[in-house]
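Quantities reported herein were computed from a predicted structural model and do not represent experimental measurements.
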Amino acid sequence: CFQAEDGIRDSVASRGLGDVYKRQLADVENIIMANTIIKKLSATNVKLHINSIGDMSCRKEYNRALKTYFSQPTIFPLLSPESRTKIENDMSLLRILDSKEPQDIAVSKNAPNITNFINTASKSNLETLQNTLKEQGVEYIFDPLLMRGLDYYNDICFEFMLTHPNLGPSQNTVLAGGRYDNLATLLGSRQAIPGCGWAAGIDRLIEVIPSIPDISADIINIVVALDADDSKDEIYAYALKIAQKIRSQGRKASVNYTHARMKEHIAAADSEHKPLLVVVGSRELKQQQVVVRNIKNKTIKTYNFEA
C-alpha cells in the first residue's frame, strides 16, 4: 500500500506524511496494525523483528564493506550460486543478507553489521520507533541481521516470524514490511513521496491460524482527528493511544494528522460515510478526555479516556 503525504483518506497498511515525526508515527501505526491483525488471527509463536537499514548513502558504504567480506577466498565459495552472481555483477549485496538459502544465512551471520554504518538520523528514527513501541505495549526483537534487498526501502524494516512445524526456516516470515520513501522516484515520480506498508503471505497465515475467525460483525468506522491549531508531539501520541483503544474494541480508527479547519474534517468524514469524529486537542490531552462528534445527528459529547 502507498499514499501521498497530503492524502486525507485511509489506506489499508500505510500512511504518507510530511515531517519526520509524523513519518515515525506512521511507522509505529504500520507495525501496530500488522501486530493487531496477527493477534486477531490467534497465530501463536509469533515474534516481531525490527531493524534499520539506513538511507541510500549509508547503504552504499555498507555495500562496499559487504563486498570486501563476501569476496574473501574463504567465504565466496560458501555462498549460493545466485549470491555469487550478485557479487560478480556488482548488484546490491544486501540481497545476500535477505537470502533464504541456508548457506547464505550461515555465512551472513559473521558479515559486517549495518548498525555500524547507519547515520545519526537513522539511529534516531530507530530509537524513537523502539521507545514508542514499548509505550504502546508492542513486544519486539531488535534484529541487526534483518534486511531488505530492494533499493527502494529505507530506514525501518520489520518481519513477523513464526515457529511452526508446517513452515521451514526459509518460510517462517508470514508478514513483512517497512518504509520505502524512494519507491515513487524509482517508478518515475519527479518528487519523493514518503510511504510505508507491509505484505502478508495469506497461504502461510492459513497454515498457522487455528481457525478462520468470524469477521462479519458490523464495525463502526471512527476517525481520530486533531484540532487544526494543535501540533505538539504529545497530542499526536495521545491521539495514537485513543486510536489503539478504539481498535482493541474491534472498531476501525484512522489518525488524521492533516492540519485543517474542523469544518473540513467534518466534511471529509461525511463524504467517507464515517459516522463519528473523535477530536483531540491540548485541552483533551490535559484533561484526558475525548470529544466525539456524531456526523449524522450533529451531536457533540465529551468522554473521559481510560487507556
Side-chain angles (χ1 to χ4, degrees), residues 2 27 30-31 47-127 129-130 140-161 167-189 192 194-199 201:
F2 194 80
D27 289 330
N30 190 33
I31 292 174
K47 295 186 184 298
L48 167 63
H49 293 238
I50 67 171
N51 192 24
S52 172
I53 59 172
D55 60 18
M56 194 72 74
S57 61
C58 298
R59 292 200 300 279
K60 285 182 179 179
E61 183 180 353
Y62 184 50
N63 197 66
R64 287 194 290 269
L66 289 177
K67 186 171 185 179
T68 299
Y69 171 76
F70 286 125
S71 298
Q72 295 179 81
T74 56
I75 298 295
F76 185 81
L78 302 178
L79 293 167
S80 67
E82 184 179 353
S83 291
R84 293 199 295 269
T85 299
K86 288 182 174 67
I87 296 173
E88 292 167 346
N89 294 336
D90 285 327
M91 299 173 67
S92 173
L93 301 190
L94 272 69
R95 299 184 182 185
I96 297 179
L97 302 181
D98 198 31
S99 170
K100 302 303 181 184
E101 295 295 331
Q103 61 265 51
D104 293 337
I105 294 174
V107 171
S108 296
K109 288 181 179 179
N110 295 319
N113 194 320
I114 195 169
T115 306
N116 299 322
F117 292 83
I118 62 174
N119 57 30
T120 302
S122 293
K123 287 180 180 178
S124 176
N125 289 341
L126 177 61
E127 183 178 348
L129 176 75
Q130 291 175 300
Y140 67 87
I141 296 172
F142 172 63
D143 186 351
L145 295 179
L146 185 63
M147 284 293 134
R148 284 291 177 273
L150 301 175
D151 292 337
Y152 56 77
Y153 276 97
N154 64 288
D155 280 316
I156 303 302
C157 63
F158 62 91
E159 291 187 12
F160 285 83
M161 300 182 185
L167 298 178
S170 64
Q171 300 173 314
N172 63 348
T173 297
V174 297
L175 187 152
R179 173 156 291 279
Y180 35 80
D181 295 342
N182 303 313
L183 178 58
T185 52
L186 288 175
L187 292 176
S189 173
C196 60
W198 50 261

Let's go through K123 and I118 carefully: what are the C-alpha distance in whole Å and the side-chain angles of both, what is the deciding distance for side chain to side chain contact (heavy atoms under 4.5 Å, CB included) to 0.1 Å, and is it a yes or a no?
CA-CA 7 Å; K123 287 180 180 178; I118 62 174; 3.5 Å; yes
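- Side-chain atoms of N51 come within 3.5 Å of backbone atoms of P144 as a donor-acceptor pair (strictly under, hydrogens ignored).
- At distances below 3.5 Å, at least one donor-acceptor pair connects side-chain atoms of D55 with backbone N or O atoms of S57.
- Ring geometry, Y180 versus Y153: the interplanar angle exceeds 60°, so the pair is classed perpendicular (tilted spans 30 to 60°).
- Taken to the nearest 0.5 Å, the CD1 atom of I105 stands 6.5 Å off from the NZ atom of K100.
- One finds the CG atom of N182 at 11.0 Å from the CG atom of L187 (value rounded to the nearest 0.5 Å).
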Would F76 and E88 count as a side chain to side chain contact (heavy atoms under 4.5 Å, CB included) here? Give the steps.
CA-CA 10 Å; F76 185 81; E88 292 167 346; 3.6 Å; yes
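- Closest heavy-atom contact between I53 and C157: CG2-SG, 3.9 Å.
- Taking every heavy atom of both residues into account, H49 and L146 meet most closely at O-CD2, 3.4 Å.
- In this structure, OG on S99 lies 3.5 Å from CG on D104, to the nearest 0.5 angstrom.
- I31 and I50 make their closest contact through CD1-CG2, 4.4 Å (heavy atoms, listed as atom of the first residue, atom of the second, distance).
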Between L66 and L97, does a side chain to side chain contact (heavy atoms under 4.5 Å, CB included) hold up when you go through it step by step?
CA-CA 9 Å; L66 289 177; L97 302 181; 3.9 Å; yes
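- A donor-acceptor pair is defined here as one N or O able to donate and one able to accept, closer than 3.5 Å; such a pair exists between the side chain of T85 and the backbone of P81.
- Here the closest heavy-atom approach between residue N63 and residue L93 is recorded as OD1-N, 2.7 Å.
- In the model, N125 has no side-chain atom that pairs as donor or acceptor with a side-chain atom of S122 under 3.5 Å.
- Residue-environment remark: CD (Q72) exceeds the threshold of 12 foreign heavy atoms within 6.0 Å.
- When all heavy atoms are compared, the tightest approach of I96 to L79 is CG2-CD2, 4.1 Å.
- Within the model, atoms OH of Y62 and CG of L94 stand 6.0 Å from one another, a figure rounded to the nearest 0.5 Å.
- Considering all non-hydrogen atoms of both residues, F70 and S108 come closest at CZ-OG, 3.9 Å.
- With respect to the salt-bridge test (charged N to carboxylate O, under 4.0 angstrom), the residues E82 and K86 qualify.
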Give the intermediate values and the outcome of side chain to side chain contact (heavy atoms under 4.5 Å, CB included) for residues D181 and R179.
CA-CA 6 Å; D181 295 342; R179 173 156 291 279; 2.7 Å; yes
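- We find the CG-SG distance between D155 and C58 to be 8.0 Å, quoted to the nearest 0.5 Å.
- To the nearest 0.5 angstrom, L175 atom CG is 6.0 Å from F158 atom CZ.
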